[in-house]
Amino acid sequence: MPWASLSTALMKPSPRYCRCRSLIVAAEVAPAIEAHKVSFSVTNKQGKSVPILKNCSLHVPPGQLWMLLGPNGCGKSTLLKVLAGLLNPSDGTVNIKKPSSFVFQNPDHQVVMPTVEADVAFGLGKFNLTSDEVRSRVSEALEAVGMLHYSQRQIQTLSGGQKQRVAIAGALAEACKVLLLDELTTFLDEHDQIGVIKAVKNTVAASGEVAALWVTHRLEELNYADGALYMEDGRIMMHGDVWSVLSFIKAKQVQYRDHLHL
Ligand SMILES: Nc1ncnc2c1ncn2[C@@H]1O[C@H](COP(=O)(O)OP(=O)(O)OP(=O)(O)O)[C@@H](O)[C@H]1O
């Protein structure tokens with residue numbers, strides 16, 4: 001999707017964008033997500049190495065929600081997979097607080113058990129917890145994403161956004177420190193979209209230690225971000241406070257329109 005076709009509705013500054021002080025304070029804290037000069041290449045059918053990620057460096061402090069933006073095919077999902085350890089970088093280093101959890105785009109691929117409660121408890125089997133401990137972790141996680149009232153509901157009766165929130169609760173129940181979220185709102189209507197993003201924002205802010213990196217195409221979602229990254233052609237072009245990144249994107253859109261003589 002070219003940037004000129006993206007929503008420009010939220011190009012005005014808002015108090016949420018003025019997080020410079022919190023960013024400076026956060027910079028003194030060890031990042032929850034850190035990548036240093038990460039590159040990733042694939043080998044094509046001709047045996048030639050094709051670079052997908054080029055020298056990407058980033059850091060996300062604990063207790064913050066950051067967004068990763070950029071045009072289609074620039075490498076956002078690949079970067080998220082490298083951060084999650086699903087792909088090995090060709091070069092560079094990744095440091096992520098553990099446990100971390102990757103939540104995918106399609107809500108129907110996230111949930112595996114028949115009821116909400118059973119689904120959130122599903123990943124806890126490996127921890128050797130008592131049933132009281134499991135119940136307490138499941139309730140706290142569902143409460144965090146605003147889904148406690150749904151604990152006995154059949155999964156198939158939930159909306160897409162509610163399924164995403166259950167998937168996030170599953171990660172929280174496992175005490176994950178990092179949430180890597182790949183275009184969660186793509187298949188959701190506006191109401192569900194806002195519900196999921198608020199659940200993540202509130203969870204991250206209330207925990208003070210969970211960090212989330214959220215891939216999106218929707219500029220309006222930046223309203224909820226503490227910081228942002230903008231990628232193009234496998235490179236991170238901007239990394240910092242939301243207002244600076246938005247200004248950068250806006251300048252890009254103007255350049256693009258001028259180029260097309262619009
Ligand atoms: N295994 C692979 N083999 C060959 N090319 C790949 C592979 N994985 C990713 N790519 C290419 O790398 C580029 C980046 O893909 P990626 O899915 O990370 O982009 P993206 O920014 O997430 O895109 P979108 O916004 O469309 O989801 C694309 O050109 C894609 O075709």
Side-chain angles (χ1 to χ4, degrees), residues 1-8 31-61 64-97 100-106 109-110 164 178-187 196-197 200 211-222 224-242 244-253 255-256 259:
M1 182 188 302
W3 282 102
S5 66
L6 282 170
S7 158
T8 52
I33 306 171
E34 189 173 29
H36 184 64
K37 295 190 174 176
V38 163
S39 296
F40 176 77
S41 303
V42 292
T43 306
N44 68 12
K45 281 185 186 156
Q46 291 75 40
K48 204 176 150 213
S49 174
V50 180
I52 308 286
L53 299 178
K54 302 163 189 167
N55 230 14
C56 294
S57 295
L58 63 100
H59 54 266
V60 178
Q64 295 200 4
L65 165 61
W66 280 53
M67 303 233 170
L68 175 56
L69 299 109
N72 282 129
C74 70
K76 302 180 295 294
S77 294
T78 305
L79 178 57
L80 218 58
K81 285 177 193 157
V82 169
L83 294 173
L86 300 174
L87 295 172
N88 288 323
S90 324
D91 209 351
T93 53
V94 170
N95 278 310
I96 294 265
K97 287 205 172 158
S100 65
S101 189
F102 192 106
V103 183
F104 297 90
Q105 193 177 63
N106 191 331
H109 296 166
Q110 311 296 312
Q164 296 285 29
V178 168
L179 287 168
L180 300 165
L181 309 154
D182 196 3
E183 300 202 50
L184 293 200
T185 50
T186 303
F187 295 121
V196 173
I197 201 161
V200 173
L213 185 58
W214 173 284
V215 171
T216 186
H217 279 113
R218 295 178 168 170
L219 290 184
E220 67 270 22
E221 293 180 354
L222 281 169
Y224 298 89
D226 298 303
L229 300 130
Y230 174 73
M231 282 185 82
E232 254 180 26
D233 190 24
R235 293 182 198 281
I236 294 177
M237 312 291 287
M238 272 294 282
H239 174 286
D241 69 277
V242 172
S244 303
V245 174
L246 262 176
S247 303
F248 186 82
I249 294 171
K250 190 177 182 183
K252 285 257 160 202
Q253 289 176 323
Q255 265 177 16
Y256 185 80
H259 180 69

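Only heavy atoms go into these numbers, but all of them, side chains included; no hydrogens, no water, no symmetry mates. Throughout, residue positions are numbered sequentially from 1 according to the sequence presented.
- Expressed to the nearest 0.5 Å, how far CD of E183 lies from CZ of R218 amounts to 9.0 Å.
- Residues meeting the ring-ring contact (aromatic ring centres under 6.0 Å, His included) test with F40, sequence neighbours left out: none.
- Side chain of Q164 to main chain of L184: a donor-acceptor pair is present (N/O by atom type, distance under 3.5 Å, no hydrogens or angles).
- Put simply, the residue from V178, L83, L179, L213 that forms a side-chain contact (heavy atoms from CB on, under 4.5 Å) with S100 is V178.
- L69 CG to I249 CD1: the interatomic distance, rounded to the nearest 0.5 Å, is 5.0 Å.
- Once rounded to the nearest 0.5 Å, the distance linking SG of C56 with CE of M237 reads 11.0 Å.
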Query - Audit row: L229, K76, side chain to side chain contact (heavy atoms under 4.5 Å, CB included) steps and yes/no - result: CA-CA 10 Å; L229 300 130; K76 302 180 295 294; over 6 Å; no
Query raised in the report: After noting the C-alpha distance and the side-chain angles of K54 and D233, does the key distance pass the side chain to side chain contact (heavy atoms under 4.5 Å, CB included) rule?
Result: CA-CA 8 Å; K54 302 163 189 167; D233 190 24; 3.1 Å; yes
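- The NE2 atom of H239 sits 13.5 Å away from the CZ atom of F248 when rounded to the nearest 0.5 Å.
- A donor-acceptor contact shorter than 3.5 Å is absent between the side chain of H36 and the backbone of N95.
- Every residue two or more places apart in sequence or in another chain that forms a side-chain contact (heavy atoms from CB on, under 4.5 Å) with S244 is listed here: M238, D241.
- Side chain of S41 to main chain of S49: no donor-acceptor pair is present (N/O by atom type, distance under 3.5 Å, no hydrogens or angles).
- With values rounded to the nearest 0.5 angstrom, L87 atom CG is found 10.5 Å from S77 atom OG.
- Salt-bridge annotation for D182 and K81: absent, with no side-chain N of the basic residue lying under 4.0 Å from a carboxylate O of the acidic one.
- Contact annotation: the side chain of W214 approaches that of I197 to within less than 4.5 Å [non-hydrogen atoms, C-beta and beyond].
- Annotation for S57 and I236: closest pair O-CD1, 3.6 Å, computed over non-hydrogen atoms.
- The two residues A211 and V60 make their nearest non-hydrogen contact at CB-CG1, 4.1 Å.
- The two residues A228 and V245 make their nearest non-hydrogen contact at O-CG2, 3.5 Å.
- Heavy-atom minimum distance, A225 versus V242: O-CG2, 3.6 Å.
- Nearest heavy atoms, A84 versus F102: CB-CD1, 3.5 Å.
- Contact detail for Y230 and P71: the closest heavy-atom pair is OH-CD, 3.8 Å.
- The SG atom of C74 lies 7.0 Å from the CG atom of L68; values are rounded to the nearest 0.5 Å.
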**Report entry** Evaluation steps, side chain to side chain contact (heavy atoms under 4.5 Å, CB included), between L58 and M231
**Finding:** CA-CA 11 Å; L58 63 100; M231 282 185 82; over 6 Å; no
